[in-house]
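Here's the structure we're looking at; comments come further down.
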Amino acid sequence: MKTGKMMTSKTMTNKAKTRAAAMVLVLLHGIIVFGGFIAPGEPASQNRDFPFVPPTRLHFVDAQGHFHLRPFVYQSVSRPEGLYEYEESRDQEYPIHLFVEGPKYKIAGLFLSSIHLFGVEAPAQIFLAGSDNYGRDQFSRILYGGRISLGAGLLATGISLSLGLLLGTISGFYGRWVDESVMRIAELFLVLPWLYLLLAVRAFLPLHISPVQTFFLLIAVIGSVGWARPARLVRGVVLSARTRKYVLASRGFGASDSYVLRRHVLPHTYGVLLTQAALLVPQYVIAEVTLSFLGLGLSEPLPSWGNLLANLQQYNVLVSYWWMFAPAMALVVFSLGYLALADAFHKRLQSVTV
Amino acid sequence: MNYLTRRLIHGIMLLIGASILCFLFADFAPGSFFDEIKLNPQISPETVAALRSRYGLDQPMPVRYVRWAKSVFRGEWGYSFAYNAPVRSLLAVRAGNTLLLTGVATFLAWLIAVPWGIWIAAHPGRGIDRLSMGSTSVLLSVPELVLALGLLYLVVRTHALPVGGMVSLRFDQLGRWSKIRDLATHLVIPVTTLVLANLPIILRHVRSSMMEVLKAPFIQAARGHGISKASLLFHYALPAAANPLISLFGFSMGGLLSGSLLVEVVTGWPGLGPLLLEATMSRDLYVVVGVVMSSTLFMILGNLLADAMLLAADPRVRMQ
Amino acid sequence: MRRLAWLAALVLVLGSNSLARSSPQPAQSDEELQITDGEVGRYGGSLVVGQAAEPKTLNPVTAADVRSREVIGRMMADLIHINRDSQRTEPALAKSWAASRDGRVFTLKLRRGLRFSDDQPFDADDVVFSFQVYLDEKIHSPQRDLLIVGGKPIAVQKIDSYTVRFTLAQPYAAAERIFDSLAMLPRHLLEKAYQENRFTQVWNINESPAALAGMGPFRLKHYVPGQRVVLERNPYFWKMDQKRQRLPYLDELVFLFVGNEEAQVIRFQAGDTAIMNRVNAENYILLSRDAQNGGYGLFDLGPSLEYNFLLFNLNDAKASRANRPAWFSDLRFRQAVSSAIDREGIVKLVYAGRAVPLWGNVSPSNQLWVNQSLPHPARSLEHARELLKAAGFSWRGDGRLMDGKSQTVEFSIIVSSSNNQRTKIATIIQDDLSKLGMDVHVVPLEFRALLDRVFQTFDYDAAIMGLGGGDADPNPEMNVWLSSGSTHLWHLGETKPATDWEAQLDQLMQQQMVELKYDRRKRLYDQAQQVIAANLPYVFLATPNILVGARKNLANFKPAVLEPNTLWNVEQLYFREGSGATAGAKP
């Protein structure tokens, strides 16, 4: 009795957890989708007088000690003696305004707009996460980069899972030599030197396709290389589902392969697929970082979390400009969300099968 | 034993397949080792062409593959254009360095992860469990390379440890214990990175498979018989939870040569990583093939090891 | 008999002595040693230098990569040497030389009584053997093409044991300079391998030290794969200081393979290495922040001799992507691009101010050859727009640039993904050109893939590359500017010059090559520079300063603009007293 009650309360909390993780992820993705609105500037616009400006500080108390309800910033001016060193000029306060006019962008990639969530009046600038080598606003770049990185993660996951589902099902359902050969190929793919493959693919792509297309092609390659693991999992599920008594019975009644697959076998794979999806998305987002470190990532001036973080490879950036670690924060927050979701899915899966 | 022989044959087939693929990719990638000297205005195109033909780069792919396969049987593993030496001699030393690094890291990761995982599996939902799961989630979310860079940053700032390399210059003059100490201090950064990167995965696997087993009726029964907790965990639950862990262990072993490549590059460890990266960039074809093949070999051996261990641990496998 | 025993004992003592410590041998009366100026130093110490990667071979004849040459260069010596400081030639193994009046025949007198690092004598036979090897077609030495003058190999003839005569097919303005860095080989060690056709296999990186000898200041001690190569003093080196002490001062020279520049900076900062050979500007600034505490000094030697440029693909259309538009061959288009590029921005953001903008192929630091009168037009987007308008371009409503056929201007710039500076330059140019309404894609390619496109397939629109830096003399540039040249990148494999100005350039370059008088040669090369700057086959961008660092206690350190920038006078380097003999000593 006691254990039963415990079980229900646990599944309840698990459901709530799933919901919470999903909500947080929806919120985070919303921020990325509406990144153009939230970002105060354009991701690629250079400001060559302000390379490597540290994050702008928000002030509430001015030089005279008066408190302002509306936060304000000071203008950053470069110090004459040091290179890339700045100080705040305390002469004038620039209050932060909401819903200001700024550079044009497309809301969620659809409607043109020029209203931004916040901003300050020129000549002051607001760099919430500092600026990079070219004086570009890193906060805006993180938001825009999120689109690319998450897009890449979702795309690669989609490809891996669809291939995995297809091949895993075929392998598990038809068995024998089909199974044997698919699994051997899967093993080959697991040991494949994908790094070298990517170098070859990157070097071979024609130049006149845009950098974004090139990049997503590479991601597609990574995604298609990654089918082996999900395929093995799917195969296992299909294998066990295929031999269940009611499936054998329905076959006995003359059900066709496709009917059996649709009605009795595939539904069992959804749990595994969902869990895999939640695990794979952050993995591929991280893979994109590795890609950028090797110089295979998205090319300038477009941002992605990978190429933002790849700046850290330069020793002087690593030790001098701590705010260049900021994209890692975004990455961690997203990954945590996905991992929590994967955990929740996993638990649900277990509680269902038990 | 039949089962193992079959696996062995699979392994060999896999190696051959991988080597063919490797050659195909290498053929795919444009540019050759001798491209860079073309940039030198003092070298004529004829010289470059002659160099290419000396190394057989003007031959079709199948011919080169057969040549390479022969040299593998001679124990040369092909010839490096850059070093003008057999590939195997290049690989041997560096593979040793890599194994030292990954061996220590893997050993430490398992040493920490197994007891820790068992412990938190026995106390699910407690503070320590939550903390472990939370922190491993964070670790899983940070790319290995960023982790390595972060560690480097800390060390450079604090001057606490030597950065880069495997031993100090004075190494040859040191006594035995100082040598070990010197090596150990150089190992800290790359090993820590690798442990932090691998620990979460192992820990989570240990935890989940133990939790599964602890729910099983025979454990409940054993608990009912009043068997001590430690004995319960280690003598009853752990062997039952071993199967998935053995597979993971085989995977760990398989990754010994390939798992640390990028970390080696970032932390300056003189292993296969820097060699592979340089060879890839300079199109030193047979070195690349050699590194990839040796890591594939390890991968396959790791899987075989896991198979053998499974066979020994679980009679059900033998039934297959 | 007694005498023999005594001799044997002496040999034994000397032998064991030299093997154990390779201490400098006292100068013999019959040795014609070179006396160097520079501070008189003290013996001892081990100099540790960081290298990006290990040398691939120790064979000076086959070595093609920079790192191998850097190491080999310390173990070998040449007949006539270019002094890296003065950039002029000076006697080396040849104590003197004379040229015939027509500039075709050079007679070199060798120093007498010199010995290789294995105590074997050096004479004219070694010189003849060396040239035989370099010129051998079967060996394919990268240096061979250098020794072909006027289509014919240089003829080498032994006059006596210490005199060698070289005959060229035609006069050659830089004849003395071709001897630089041509290592003289020990015939006694290599002749057998050469005759057995094994020459290219000897002296690889695993070679035992006993099988290797040279005339340079150091000789091989041992090599640890992937980690370091250790050289020790050549006790028979042929230079001495003012006090007649035999050089080099250092006991050991260690090349530590530490990885990329970032890693080199870390190791230098940590005190593991004593010299930082070429550091980029950002790391230079980073290092300069704690130079005081770090116990090292940093040197800005001014602009290097290399030039970075934007290259437009002007190869024949049939040889490359068919639909490549004709914009690039329009001079006004190239001028507009040149005018729009923010060179000052490149200098500031890419090189942190430690570079100079360029408008021609000769760096301002090449005092002897730079054409001072080349114009340096300031950046002007206005001027660029006018040029484009004049060339028939116009702008669409959304600001995009269109050519006369209403095609929008869109092209890609390929750049080496491993070269951070050039990638940054590309990013800046991309932004600059977008202000003209051009849609430019930056495509970082792995270096070999980039070279493949530039040299082989011609499948690219534009590229950012760098050339030069080898020597101050114009002659290494021949292959860049001659229309038939192998690095005539914008239009490779021309059988005859495609344009009038290329024909003119061919003529000027040919004339300067055989002109022996500096003044006249300079005038010709000035004109060549003018033609280049006016026609912009390359859009020149900037040349970075040469920045190096060294421990403060390292004396006689005289870094130079020419490569090798820091180790060219390694025999004179020594550690000052009271500072600890090794580089590893922390402050």
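Naming: A, B, ... by sequence-line order, numbering from 1 per chain.
- Under a cut-off of 6.0 angstrom, the local environment of CD in E87(A) is crowded, with over 12 non-hydrogen atoms contributed by other residues, nucleotides or ligands.
- Separation of atoms CD (Q314(A)) and NZ (K424(C)) is listed at 4.5 Å; rounding is to 0.5 Å.
- For K348(C) (side chain) and R48(A) (main-chain N/O), a donor-acceptor pair under 3.5 Å exists by modelled atom type.
- To the nearest 0.5 angstrom, N280(C) atom CG is 6.5 Å from N316(A) atom CG.
- With a threshold of 4.5 angstrom between heavy atoms, L349(C) approaches chain A through its backbone and through its side chain.
- Panel note: side chain S299(A), backbone V442(C); a donor-acceptor pair is recorded below 3.5 Å.
- For the options N420(C), T423(C), L450(C), L287(C), heavy-atom pairs under 4.5 Å to chain A are most numerous at N420(C).
- With a 6.0 Å radius and a threshold of 12 heavy atoms from other residues, nucleotides or ligands, E121(A) has its CD atom at or below the threshold.
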>> Would T427(C) and R136(A) count as a side chain to side chain contact (heavy atoms under 4.5 Å, CB included) here? Give the steps.
In response: CA-CA 12 Å; T427(C) 307; R136(A) 300 181 293 205; 3.8 Å; yes
>> Between V319(A) and L286(C), does the side chain to side chain contact (heavy atoms under 4.5 Å, CB included) criterion hold? Intermediate values first, please.
In response: CA-CA 9 Å; V319(A) 297; L286(C) 181 82; 3.3 Å; yes
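- Looking at D432(C), both its backbone and its side chain come within 4.5 Å of chain A, counting heavy atoms on both sides.
- Other residues, nucleotides and ligands place no more than 12 heavy atoms under 6.0 Å from the NZ atom of K104(A).
- Between Y315(A) and the options E261(C), Q269(C), E282(C), a side-chain hydrogen bond (donor to acceptor under 3.5 Å, both in side chains) holds for only Q269(C).
- Between the OH atom in Y84(A) and the CD1 atom in I285(C) there is a gap of 6.5 Å [rounded to 0.5 Å].
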